[in-house]
Amino acid sequence: MIDLSDDLLPRLRRTRLAHLQLPPGTIAPAYQGLSILNLPASLLAWLGVEEAEHPALDLPALDRLAQGVDRIVVCLIDAVSHARFRAWIREPSLKLDSHFEQALLAPLTSVVPSSTTAALTSIWTGASPAQHGVLGFELFLREYGLIANMISHTPVGFTGRSGSLAAAGFQPQAFLPVPTLSSMLHEVGVEVVALLPEALVGSGLSEMHLGEALRRGYVSFDSLWRQVIGLLDSDPGRRRFIWIYYDRLDALSHHEGPDSASVKATFHDFAGALRTAFFEALPSAARQKTLFLLVADHGQIATRPDPHYDLRQHRPLQRRLHMDPTGELRLSYLYLRPGQTEAVDEYVRRTWPGGFQLLHAAAALDCGLFGPGLPAEQTLDRIGDRILLPSGDGYLWWVPKANPLYGMHGGLSPDEMLVPLLALRLDDG
(Lines give C-alpha, C1' and ligand atoms only; values in the text may rest on other atoms or scores of the structure.)
Protein backbone atom coordinates (compact mmCIF):
# COMPACT_ATOMS: atom_id res chain seq x y z
CA MET A 1 0.00 0.00 0.00
CA ILE A 2 1.15 3.53 -0.77
CA ASP A 3 0.46 5.25 2.55
CA LEU A 4 0.71 9.04 2.42
CA SER A 5 -0.36 9.45 6.04
CA ASP A 6 3.03 10.21 7.56
CA ASP A 7 3.64 12.93 4.97
CA LEU A 8 0.19 14.52 5.18
CA LEU A 9 -0.70 14.33 8.87
CA PRO A 10 1.84 16.99 9.96
CA ARG A 11 0.46 19.28 7.25
CA LEU A 12 -3.10 18.73 8.45
CA ARG A 13 -2.13 19.41 12.06
CA ARG A 14 -0.62 22.73 10.97
CA THR A 15 -3.73 23.87 9.12
CA ARG A 16 -5.08 27.14 10.49
CA LEU A 17 -8.06 29.40 9.86
CA ALA A 18 -7.07 33.05 9.59
CA HIS A 19 -8.19 35.22 12.52
CA LEU A 20 -9.79 32.30 14.38
CA GLN A 21 -8.02 30.81 17.38
CA LEU A 22 -9.07 27.20 18.00
CA PRO A 23 -8.28 25.14 21.13
CA PRO A 24 -4.90 23.35 21.22
CA GLY A 25 -4.96 19.84 19.80
CA THR A 26 -7.94 20.44 17.52
CA ILE A 27 -7.84 19.94 13.76
CA ALA A 28 -8.96 22.77 11.51
CA PRO A 29 -10.71 21.77 8.29
CA ALA A 30 -8.32 21.69 5.31
CA TYR A 31 -10.80 23.07 2.79
CA GLN A 32 -8.16 24.04 0.21
CA GLY A 33 -7.35 20.51 -0.95
CA LEU A 34 -7.28 17.93 1.83
CA SER A 35 -10.89 17.81 2.98
CA ILE A 36 -13.87 15.71 1.97
CA LEU A 37 -15.20 19.03 0.63
CA ASN A 38 -12.62 18.65 -2.15
CA LEU A 39 -13.62 15.10 -3.08
CA PRO A 40 -16.62 16.07 -5.27
CA ALA A 41 -14.49 18.36 -7.47
CA SER A 42 -12.12 15.44 -8.10
CA LEU A 43 -14.96 13.03 -8.83
CA LEU A 44 -16.50 15.48 -11.28
CA ALA A 45 -13.19 16.13 -13.03
CA TRP A 46 -12.41 12.42 -13.40
CA LEU A 47 -15.84 11.87 -14.99
CA GLY A 48 -15.67 14.84 -17.34
CA VAL A 49 -17.21 17.75 -15.43
CA GLU A 50 -14.59 20.48 -15.17
CA GLU A 51 -16.61 23.21 -13.47
CA ALA A 52 -16.32 23.04 -9.69
CA GLU A 53 -16.34 25.95 -7.29
CA HIS A 54 -13.85 24.58 -4.78
CA PRO A 55 -10.42 23.04 -5.36
CA ALA A 56 -10.10 19.36 -6.14
CA LEU A 57 -8.09 17.08 -3.85
CA ASP A 58 -4.42 18.03 -3.68
CA LEU A 59 -3.29 14.44 -4.23
CA PRO A 60 -1.39 14.15 -7.54
CA ALA A 61 -0.84 10.41 -7.02
CA LEU A 62 -4.60 9.94 -6.82
CA ASP A 63 -5.14 11.90 -10.03
CA ARG A 64 -2.69 9.59 -11.77
CA LEU A 65 -4.52 6.57 -10.39
CA ALA A 66 -7.86 7.92 -11.67
CA GLN A 67 -6.64 8.77 -15.15
CA GLY A 68 -8.94 7.38 -17.85
CA VAL A 69 -11.59 5.90 -15.55
CA ASP A 70 -15.16 5.45 -16.77
CA ARG A 71 -16.65 4.08 -13.55
CA ILE A 72 -16.10 5.19 -9.96
CA VAL A 73 -17.34 3.27 -6.93
CA VAL A 74 -17.39 5.30 -3.71
CA CYS A 75 -18.07 3.34 -0.52
CA LEU A 76 -18.65 5.64 2.43
CA ILE A 77 -18.29 4.11 5.90
CA ASP A 78 -20.08 6.29 8.41
CA ALA A 79 -17.99 7.23 11.46
CA VAL A 80 -14.54 5.68 11.22
CA SER A 81 -11.49 7.77 12.04
CA HIS A 82 -8.32 7.68 10.00
CA ALA A 83 -6.28 6.31 12.92
CA ARG A 84 -8.66 3.42 13.58
CA PHE A 85 -9.07 2.57 9.89
CA ARG A 86 -5.32 2.63 9.31
CA ALA A 87 -4.70 0.29 12.23
CA TRP A 88 -7.54 -2.10 11.40
CA ILE A 89 -6.81 -2.68 7.71
CA ARG A 90 -3.22 -3.64 8.50
CA GLU A 91 -4.29 -6.63 10.59
CA PRO A 92 -3.16 -9.87 8.92
CA SER A 93 -6.43 -11.63 9.77
CA LEU A 94 -8.26 -9.49 7.20
CA LYS A 95 -6.06 -10.84 4.39
CA LEU A 96 -6.30 -7.59 2.43
CA ASP A 97 -2.60 -7.16 1.68
CA SER A 98 -2.74 -8.67 -1.81
CA HIS A 99 -5.78 -6.58 -2.76
CA PHE A 100 -4.40 -3.32 -1.35
CA GLU A 101 -0.85 -3.72 -2.65
CA GLN A 102 -1.38 -0.92 -5.20
CA ALA A 103 -3.89 1.04 -3.10
CA LEU A 104 -3.34 4.63 -2.01
CA LEU A 105 -4.20 5.73 1.54
CA ALA A 106 -4.44 9.39 2.56
CA PRO A 107 -5.88 11.26 5.54
CA LEU A 108 -8.43 14.02 4.91
CA THR A 109 -10.32 16.29 7.22
CA SER A 110 -14.05 16.23 7.57
CA VAL A 111 -16.05 19.45 7.39
CA VAL A 112 -17.39 21.49 10.31
CA PRO A 113 -19.42 20.25 11.99
CA SER A 114 -17.99 16.74 11.68
CA SER A 115 -21.44 15.20 11.32
CA THR A 116 -23.24 13.00 8.82
CA THR A 117 -25.75 15.64 7.79
CA ALA A 118 -23.14 18.30 7.04
CA ALA A 119 -20.52 15.97 5.56
CA LEU A 120 -22.77 13.94 3.26
CA THR A 121 -24.44 17.11 2.02
CA SER A 122 -21.03 18.55 1.15
CA ILE A 123 -20.04 15.36 -0.68
CA TRP A 124 -23.33 15.31 -2.60
CA THR A 125 -23.18 18.99 -3.59
CA GLY A 126 -19.53 19.99 -3.63
CA ALA A 127 -20.65 22.95 -1.48
CA SER A 128 -19.38 23.87 1.96
CA PRO A 129 -21.67 23.68 4.99
CA ALA A 130 -21.81 27.47 4.95
CA GLN A 131 -23.18 27.33 1.41
CA HIS A 132 -25.63 24.44 1.68
CA GLY A 133 -26.89 25.35 5.15
CA VAL A 134 -27.12 21.82 6.58
CA LEU A 135 -25.04 22.62 9.64
CA GLY A 136 -25.81 19.85 12.09
CA PHE A 137 -28.10 17.15 13.41
CA GLU A 138 -30.61 19.59 14.92
CA LEU A 139 -31.20 22.96 13.29
CA PHE A 140 -33.39 25.97 13.92
CA LEU A 141 -35.21 26.47 10.62
CA ARG A 142 -36.48 30.01 10.94
CA GLU A 143 -38.47 29.73 7.72
CA TYR A 144 -40.56 26.95 9.27
CA GLY A 145 -40.58 28.30 12.82
CA LEU A 146 -39.19 25.13 14.42
CA ILE A 147 -36.12 23.09 15.36
CA ALA A 148 -35.72 20.14 13.01
CA ASN A 149 -33.99 16.79 13.17
CA MET A 150 -32.09 16.88 9.88
CA ILE A 151 -31.78 13.09 9.64
CA SER A 152 -35.44 12.15 10.09
CA HIS A 153 -36.86 15.49 8.87
CA THR A 154 -39.14 15.76 11.87
CA PRO A 155 -39.56 18.46 14.52
CA VAL A 156 -37.21 17.81 17.45
CA GLY A 157 -38.92 15.71 20.08
CA PHE A 158 -41.57 14.49 17.64
CA THR A 159 -42.28 10.78 17.98
CA GLY A 160 -44.24 10.30 14.75
CA ARG A 161 -43.07 9.00 11.42
CA SER A 162 -40.02 10.30 9.57
CA GLY A 163 -40.62 13.04 7.04
CA SER A 164 -43.37 14.75 9.02
CA LEU A 165 -41.84 18.17 8.27
CA ALA A 166 -43.72 17.85 4.99
CA ALA A 167 -46.82 18.96 6.93
CA ALA A 168 -45.09 22.33 7.38
CA GLY A 169 -44.33 22.57 3.67
CA PHE A 170 -40.81 21.12 3.85
CA GLN A 171 -39.72 19.47 0.58
CA PRO A 172 -36.38 17.65 0.86
CA GLN A 173 -35.84 17.67 -2.91
CA ALA A 174 -36.11 21.48 -2.98
CA PHE A 175 -34.48 22.32 0.37
CA LEU A 176 -30.87 22.74 -0.72
CA PRO A 177 -29.89 26.09 -2.27
CA VAL A 178 -27.17 24.42 -4.38
CA PRO A 179 -27.23 21.76 -7.15
CA THR A 180 -26.43 18.14 -6.38
CA LEU A 181 -23.66 15.92 -7.67
CA SER A 182 -26.18 13.61 -9.30
CA SER A 183 -27.65 16.44 -11.38
CA MET A 184 -24.19 17.58 -12.50
CA LEU A 185 -23.21 14.05 -13.54
CA HIS A 186 -26.57 13.41 -15.17
CA GLU A 187 -26.00 16.41 -17.46
CA VAL A 188 -22.84 14.80 -18.91
CA GLY A 189 -24.38 11.35 -19.34
CA VAL A 190 -22.99 9.62 -16.25
CA GLU A 191 -25.42 7.19 -14.64
CA VAL A 192 -25.59 7.58 -10.86
CA VAL A 193 -26.64 4.63 -8.72
CA ALA A 194 -26.89 4.77 -4.93
CA LEU A 195 -26.93 1.62 -2.79
CA LEU A 196 -28.25 2.18 0.72
CA PRO A 197 -29.44 0.04 3.61
CA GLU A 198 -33.00 -0.95 2.76
CA ALA A 199 -34.47 1.15 5.59
CA LEU A 200 -32.85 4.33 4.22
CA VAL A 201 -34.08 4.09 0.63
CA GLY A 202 -36.54 6.95 0.25
CA SER A 203 -35.53 8.61 3.53
CA GLY A 204 -35.65 12.38 3.75
CA LEU A 205 -31.88 12.83 3.77
CA SER A 206 -31.52 10.51 0.76
CA GLU A 207 -34.21 12.39 -1.13
CA MET A 208 -32.43 15.64 -0.36
CA HIS A 209 -29.12 14.37 -1.72
CA LEU A 210 -29.75 11.90 -4.51
CA GLY A 211 -31.80 13.78 -7.09
CA GLU A 212 -31.75 11.84 -10.39
CA ALA A 213 -29.79 8.91 -8.95
CA LEU A 214 -31.21 5.40 -9.10
CA ARG A 215 -31.81 4.06 -5.58
CA ARG A 216 -31.27 0.46 -4.59
CA GLY A 217 -31.54 -1.09 -1.15
CA TYR A 218 -29.49 -3.88 0.38
CA VAL A 219 -30.10 -6.05 3.44
CA SER A 220 -26.80 -7.94 3.68
CA PHE A 221 -23.22 -7.72 2.48
CA ASP A 222 -23.91 -10.42 -0.08
CA SER A 223 -26.82 -8.51 -1.59
CA LEU A 224 -24.79 -5.29 -1.59
CA TRP A 225 -21.73 -6.61 -3.39
CA ARG A 226 -23.77 -8.78 -5.75
CA GLN A 227 -25.56 -5.64 -6.94
CA VAL A 228 -22.29 -3.72 -7.34
CA ILE A 229 -20.77 -6.55 -9.37
CA GLY A 230 -23.90 -6.66 -11.52
CA LEU A 231 -23.60 -2.94 -12.26
CA LEU A 232 -19.91 -3.20 -13.16
CA ASP A 233 -20.40 -6.36 -15.22
CA SER A 234 -23.26 -4.96 -17.33
CA ASP A 235 -22.91 -2.43 -20.12
CA PRO A 236 -19.16 -2.01 -19.48
CA GLY A 237 -18.82 0.96 -21.82
CA ARG A 238 -21.26 3.09 -19.84
CA ARG A 239 -19.90 5.73 -17.50
CA ARG A 240 -21.21 5.19 -13.99
CA PHE A 241 -20.88 6.64 -10.52
CA ILE A 242 -21.82 4.05 -7.90
CA TRP A 243 -22.38 5.22 -4.33
CA ILE A 244 -22.46 2.85 -1.35
CA TYR A 245 -23.43 3.98 2.14
CA TYR A 246 -22.66 1.78 5.15
CA ASP A 247 -24.01 3.06 8.46
CA ARG A 248 -23.61 0.30 11.05
CA LEU A 249 -20.36 1.52 12.64
CA ASP A 250 -21.85 4.90 13.53
CA ALA A 251 -24.70 3.54 15.64
CA LEU A 252 -22.46 1.02 17.39
CA SER A 253 -19.79 3.61 18.11
CA HIS A 254 -22.36 5.94 19.66
CA HIS A 255 -23.75 3.34 22.04
CA GLU A 256 -20.75 1.12 22.78
CA GLY A 257 -17.84 3.45 22.12
CA PRO A 258 -15.69 3.77 18.98
CA ASP A 259 -12.92 1.64 20.51
CA SER A 260 -15.22 -1.17 21.63
CA ALA A 261 -14.69 -4.76 20.58
CA SER A 262 -18.07 -4.83 18.82
CA VAL A 263 -17.17 -1.87 16.59
CA LYS A 264 -13.88 -3.47 15.58
CA ALA A 265 -15.61 -6.82 14.96
CA THR A 266 -18.22 -5.14 12.79
CA PHE A 267 -15.51 -3.48 10.73
CA HIS A 268 -13.85 -6.88 10.35
CA ASP A 269 -17.15 -8.29 9.06
CA PHE A 270 -17.42 -5.45 6.56
CA ALA A 271 -13.81 -5.80 5.38
CA GLY A 272 -14.10 -9.58 5.13
CA ALA A 273 -17.18 -9.32 2.92
CA LEU A 274 -15.45 -6.66 0.82
CA ARG A 275 -12.61 -9.11 0.21
CA THR A 276 -14.58 -12.29 -0.47
CA ALA A 277 -17.85 -11.01 -1.95
CA PHE A 278 -16.37 -8.21 -4.04
CA PHE A 279 -12.62 -8.21 -4.70
CA GLU A 280 -12.36 -11.99 -5.12
CA ALA A 281 -15.69 -12.35 -6.94
CA LEU A 282 -15.39 -9.47 -9.41
CA PRO A 283 -14.82 -10.74 -12.99
CA SER A 284 -11.82 -9.40 -14.83
CA ALA A 285 -13.91 -7.72 -17.53
CA ALA A 286 -15.89 -5.81 -14.88
CA ARG A 287 -12.72 -4.25 -13.48
CA GLN A 288 -11.83 -2.26 -16.54
CA LYS A 289 -11.43 1.52 -16.15
CA THR A 290 -12.86 1.38 -12.64
CA LEU A 291 -11.71 3.28 -9.56
CA PHE A 292 -12.77 2.13 -6.09
CA LEU A 293 -12.73 4.55 -3.16
CA LEU A 294 -13.31 3.93 0.54
CA VAL A 295 -13.91 7.09 2.56
CA ALA A 296 -15.51 8.19 5.82
CA ASP A 297 -17.59 11.26 6.56
CA HIS A 298 -16.26 11.77 10.09
CA GLY A 299 -14.89 9.77 13.01
CA GLN A 300 -15.94 9.59 16.64
CA ILE A 301 -14.38 10.44 19.97
CA ALA A 302 -14.90 8.25 23.02
CA THR A 303 -17.08 9.95 25.64
CA ARG A 304 -18.87 8.93 28.83
CA PRO A 305 -22.21 9.86 30.37
CA ASP A 306 -21.50 12.66 32.87
CA PRO A 307 -24.17 14.78 34.58
CA HIS A 308 -21.72 17.70 34.69
CA TYR A 309 -22.37 18.17 30.96
CA ASP A 310 -26.17 17.95 31.28
CA LEU A 311 -27.77 21.35 30.67
CA ARG A 312 -30.55 20.48 33.14
CA GLN A 313 -27.91 20.64 35.88
CA HIS A 314 -27.07 24.21 34.87
CA ARG A 315 -30.27 26.20 35.25
CA PRO A 316 -28.47 29.59 35.38
CA LEU A 317 -27.09 28.90 31.91
CA GLN A 318 -30.36 27.50 30.62
CA ARG A 319 -32.26 30.61 31.76
CA ARG A 320 -29.93 32.81 29.71
CA LEU A 321 -30.83 31.02 26.46
CA HIS A 322 -33.88 31.66 24.31
CA MET A 323 -34.24 27.90 23.74
CA ASP A 324 -32.29 24.69 24.06
CA PRO A 325 -29.09 24.57 22.00
CA THR A 326 -29.06 23.19 18.47
CA GLY A 327 -26.39 21.76 16.19
CA GLU A 328 -24.30 18.93 17.60
CA LEU A 329 -23.60 17.81 21.15
CA ARG A 330 -19.93 18.59 20.52
CA LEU A 331 -20.50 21.75 18.47
CA SER A 332 -23.52 23.45 19.99
CA TYR A 333 -25.26 26.59 18.76
CA LEU A 334 -26.44 28.86 21.58
CA TYR A 335 -29.20 31.45 21.13
CA LEU A 336 -28.68 34.03 23.88
CA ARG A 337 -31.25 36.23 25.54
CA PRO A 338 -30.56 39.98 25.14
CA GLY A 339 -27.91 41.28 27.51
CA GLN A 340 -26.73 37.81 28.59
CA THR A 341 -23.54 37.50 26.56
CA GLU A 342 -21.08 38.31 29.34
CA ALA A 343 -22.97 36.19 31.86
CA VAL A 344 -22.93 33.16 29.52
CA ASP A 345 -19.21 33.61 28.81
CA GLU A 346 -18.47 33.81 32.53
CA TYR A 347 -20.64 30.80 33.40
CA VAL A 348 -18.90 28.59 30.83
CA ARG A 349 -15.41 29.66 31.95
CA ARG A 350 -16.21 29.14 35.63
CA THR A 351 -18.13 25.86 35.29
CA TRP A 352 -15.88 24.06 32.79
CA PRO A 353 -12.46 25.73 33.14
CA GLY A 354 -10.51 25.03 29.98
CA GLY A 355 -13.19 22.63 28.78
CA PHE A 356 -14.90 24.75 26.16
CA GLN A 357 -14.25 27.68 23.88
CA LEU A 358 -17.09 30.05 23.06
CA LEU A 359 -16.87 31.33 19.49
CA HIS A 360 -18.77 34.30 18.17
CA ALA A 361 -20.92 32.60 15.53
CA ALA A 362 -20.84 35.36 12.90
CA ALA A 363 -17.06 35.74 13.26
CA ALA A 364 -16.52 31.97 12.97
CA LEU A 365 -18.58 31.97 9.79
CA ASP A 366 -16.61 34.91 8.38
CA CYS A 367 -13.31 33.20 9.25
CA GLY A 368 -14.25 30.12 7.22
CA LEU A 369 -14.94 27.57 9.97
CA PHE A 370 -17.92 26.31 7.98
CA GLY A 371 -16.08 26.49 4.68
CA PRO A 372 -15.42 28.87 1.82
CA GLY A 373 -17.96 30.39 -0.54
CA LEU A 374 -20.92 32.71 -0.14
CA PRO A 375 -23.01 31.50 2.82
CA ALA A 376 -26.62 30.55 2.23
CA GLU A 377 -29.13 33.19 3.25
CA GLN A 378 -30.29 31.08 6.20
CA THR A 379 -26.87 29.99 7.49
CA LEU A 380 -26.36 32.69 10.11
CA ASP A 381 -29.83 32.04 11.55
CA ARG A 382 -28.92 28.36 11.96
CA ILE A 383 -25.70 28.78 13.99
CA GLY A 384 -27.05 31.04 16.74
CA ASP A 385 -25.09 33.72 18.58
CA ARG A 386 -22.32 31.64 20.16
CA ILE A 387 -20.77 28.29 19.25
CA LEU A 388 -19.76 26.07 22.16
CA LEU A 389 -16.68 24.11 21.09
CA PRO A 390 -15.11 21.51 23.45
CA SER A 391 -11.34 21.32 23.78
CA GLY A 392 -11.33 17.77 25.20
CA ASP A 393 -13.94 15.03 25.34
CA GLY A 394 -16.71 17.23 26.74
CA TYR A 395 -20.10 17.97 25.24
CA LEU A 396 -23.37 19.67 26.12
CA TRP A 397 -26.35 17.37 26.67
CA TRP A 398 -29.78 19.01 26.44
CA VAL A 399 -31.92 16.03 25.40
CA PRO A 400 -34.73 15.40 27.97
CA LYS A 401 -33.59 11.87 28.82
CA ALA A 402 -30.55 10.11 30.27
CA ASN A 403 -27.44 10.16 28.13
CA PRO A 404 -26.71 6.65 26.75
CA LEU A 405 -23.77 7.60 24.51
CA TYR A 406 -20.16 6.44 24.74
CA GLY A 407 -19.12 7.99 21.43
CA MET A 408 -19.88 11.33 19.81
CA HIS A 409 -18.82 13.52 16.90
CA GLY A 410 -19.37 17.01 15.56
CA GLY A 411 -16.29 18.59 17.13
CA LEU A 412 -12.72 19.21 15.99
CA SER A 413 -10.68 16.53 17.77
CA PRO A 414 -8.39 14.37 15.60
CA ASP A 415 -10.62 11.32 16.16
CA GLU A 416 -13.60 13.24 14.78
CA MET A 417 -11.98 15.31 12.04
CA LEU A 418 -9.35 13.04 10.46
CA VAL A 419 -10.86 10.47 8.10
CA PRO A 420 -9.38 7.93 5.65
CA LEU A 421 -9.47 7.98 1.89
CA LEU A 422 -8.36 4.70 0.34
CA ALA A 423 -8.19 4.49 -3.47
CA LEU A 424 -7.70 1.38 -5.60
CA ARG A 425 -7.66 1.01 -9.37
CA LEU A 426 -9.49 -2.28 -9.89
CA ASP A 427 -7.83 -2.94 -13.26
CA ASP A 428 -4.40 -1.96 -11.88
CA GLY A 429 -4.29 1.03 -14.21
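Within a 6.0 Å sphere centred on CZ of Arg248, other residues, nucleotides and ligands contribute 12 heavy atoms or fewer. Dense packing is recorded around CZ of Arg312, with more than 12 heavy atoms of other residues, nucleotides or ligands lying under 6.0 Å away. Enclosure of atom CD in Gln173 by more than 12 non-hydrogen atoms of other residues, nucleotides or ligands within 6.0 angstrom is indicated.
Residues Ser122 and Ile36 fail the side-chain proximity criterion, which asks for heavy atoms closer than 4.5 Å. The side-chain heavy atoms of Leu369 and Leu17, taken from C-beta on, include a pair separated by under 4.5 Å. A 4.5 Å side-chain heavy-atom check between Pro113 and Tyr333 finds at least one atom pair inside the cut-off. Put simply, the side chain of Ser164 reaches to within 4.5 Å of the side chain of Pro155, judged on heavy atoms. Residues Phe370 and Val111 form no side-chain contact, since every pair of their non-hydrogen atoms from C-beta on lies 4.5 Å or further apart. For the pair Thr121 and Leu176, the minimum side-chain heavy-atom distance is below 4.5 Å. Side-chain contact between Phe85 and Leu105 is present, with at least one heavy-atom pair separated by less than 4.5 Å. Side-chain contact between Leu282 and Leu232 is present, with at least one heavy-atom pair separated by less than 4.5 Å.
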* Asked: Between Ile387 and Leu331, does a side chain to side chain contact (heavy atoms under 4.5 Å, CB included) hold up when you go through it step by step?
  -> CA-CA 7 Å; Ile387 300 169; Leu331 193 87; 3.9 Å; yes

* Would Arg330 and Glu416 count as a salt bridge (charged side-chain N to carboxylate O under 4.0 Å, His left out) if you check the C-alpha gap in whole Å, the side-chain angles of each, and the deciding distance to 0.1 Å? -> CA-CA 10 Å; Arg330 283 186 44 82; Glu416 296 163 283; 2.7 Å; yes

* To do: Could you walk me through whether Leu8 and Leu34 pass side chain to side chain contact (heavy atoms under 4.5 Å, CB included), step by step?
  => CA-CA 9 Å; Leu8 294 177; Leu34 288 175; 4.2 Å; yes

* Asked: Between Asn403 and Tyr309, is a side chain to side chain contact (heavy atoms under 4.5 Å, CB included) present by the stated rule, with each step listed?
  -> CA-CA 10 Å; Asn403 174 15; Tyr309 296 125; over 6 Å; no

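Ion pairing between a basic and an acidic side chain is recognised when a charged N comes within 4.0 Å of a carboxylate O; Lys401 and Asp310 show no such pairing. Looking at Glu198 and Arg216, no side-chain N of the basic residue comes within less than 4.0 Å of a carboxylate O on the acidic one, giving no salt bridge. A salt bridge links Asp6 to Arg86: at least one charged side-chain nitrogen sits closer than 4.0 Å to a carboxylate oxygen. A salt bridge links Arg84 and Asp415; the closest N-O separation between the charged side-chain nitrogens and carboxylate oxygens is under 4.0 Å. Remark: Arg275 engages Glu280 in a salt bridge, criterion side-chain N to carboxylate O under 4.0 Å.
In this structure, a donor-acceptor pair under 3.5 Å is absent between the side chains of Ser115 and His409. Looking only at atom types and distance, the side chain of Gln300 has a donor-acceptor partner in the side chain of Asp250 under 3.5 Å away. A donor-acceptor contact closer than 3.5 angstrom links the side chains of His298 and Thr116. No donor-acceptor contact under 3.5 angstrom links the side chains of Tyr335 and Asp324, judged on distance only. Side-chain contact check for His82 and Ser5: at least one donor-acceptor pair (N or O, by modelled atom type) lies under 3.5 Å. Inspection of the Trp397 and Gln313 side chains reveals no N or O donor paired with an N or O acceptor under 3.5 Å. For the residue pair His153 / Gln171, no side-chain donor-acceptor distance below 3.5 Å is found, with atom types taken as modelled.
Using a distance-only test at 3.5 Å, with no hydrogens or angles considered, no donor-acceptor pair links the side chain of Glu101 to the main chain of Met1. The backbone N or O of Gly272 sits less than 3.5 Å from a side-chain atom of Thr276, completing a donor-acceptor pair. Remark: the backbone N or O of Arg14 is paired with a side-chain donor or acceptor of Arg16 at under 3.5 angstrom. Using a distance-only test at 3.5 Å, with no hydrogens or angles considered, a donor-acceptor pair links the side chain of Ser260 to the main chain of Gly257. The backbone N or O of Gln357 lies less than 3.5 Å from no partner atom in the side chain of Trp352, so there is not a single donor-acceptor pair. In this structure a side-chain-to-backbone donor-acceptor pair under 3.5 Å is present from Asp427 to Lys289. Put simply, the side chain of Arg215 gets close to the backbone of Ala213: a donor and an acceptor are under 3.5 Å apart. The closest donor-acceptor contact from the side chain of Thr26 to the backbone of Leu22 lies at 3.5 Å or more, if one exists at all. Side-chain atoms of Ser114 come within 3.5 Å of backbone N or O of Gly411 as a donor-acceptor pair. Arg304 places no side-chain N or O within 3.5 Å of a backbone atom of Tyr406 that could act as its donor or acceptor partner.
In this structure, Trp124 and Trp243 have perpendicular ring planes: the angle between them is above 60°, well past the 30° mark. Note: Phe270 and Tyr246 have parallel aromatic rings, judged against thresholds of 30 and 60 degrees for the angle between ring planes.
If you run side chain to side chain contact (heavy atoms under 4.5 Å, CB included) between Ser35 and each of Leu108, Thr15, Thr109, only Thr109 comes through. With respect to Arg382, the salt bridge (charged side-chain N to carboxylate O under 4.0 Å, His left out) criterion is satisfied by exactly one of Glu138, Glu143, Glu377: Glu143.
The ring-ring contact (aromatic ring centres under 6.0 Å, His included) test applied to Tyr31 returns no partner, not counting sequence neighbours. Take His132 and apply the ring-ring contact (aromatic ring centres under 6.0 Å, His included) test, not counting sequence neighbours, and it matches no residue.
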Only pairs under 3.5 Å count here: list side-chain donor-acceptor contacts from residues 87-99, not counting sequence neighbours, and write none if there are none.
unit_1, atom_1, unit_2, atom_2, d
Arg90, NH2, Asp3, OD2, 2.9
Glu91, OE1, His268, NE2, 2.8
Glu91, OE2, Lys264, NZ, 2.9

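Phe221 and Phe278 have their aromatic ring centers separated by at least 6.0 angstrom.
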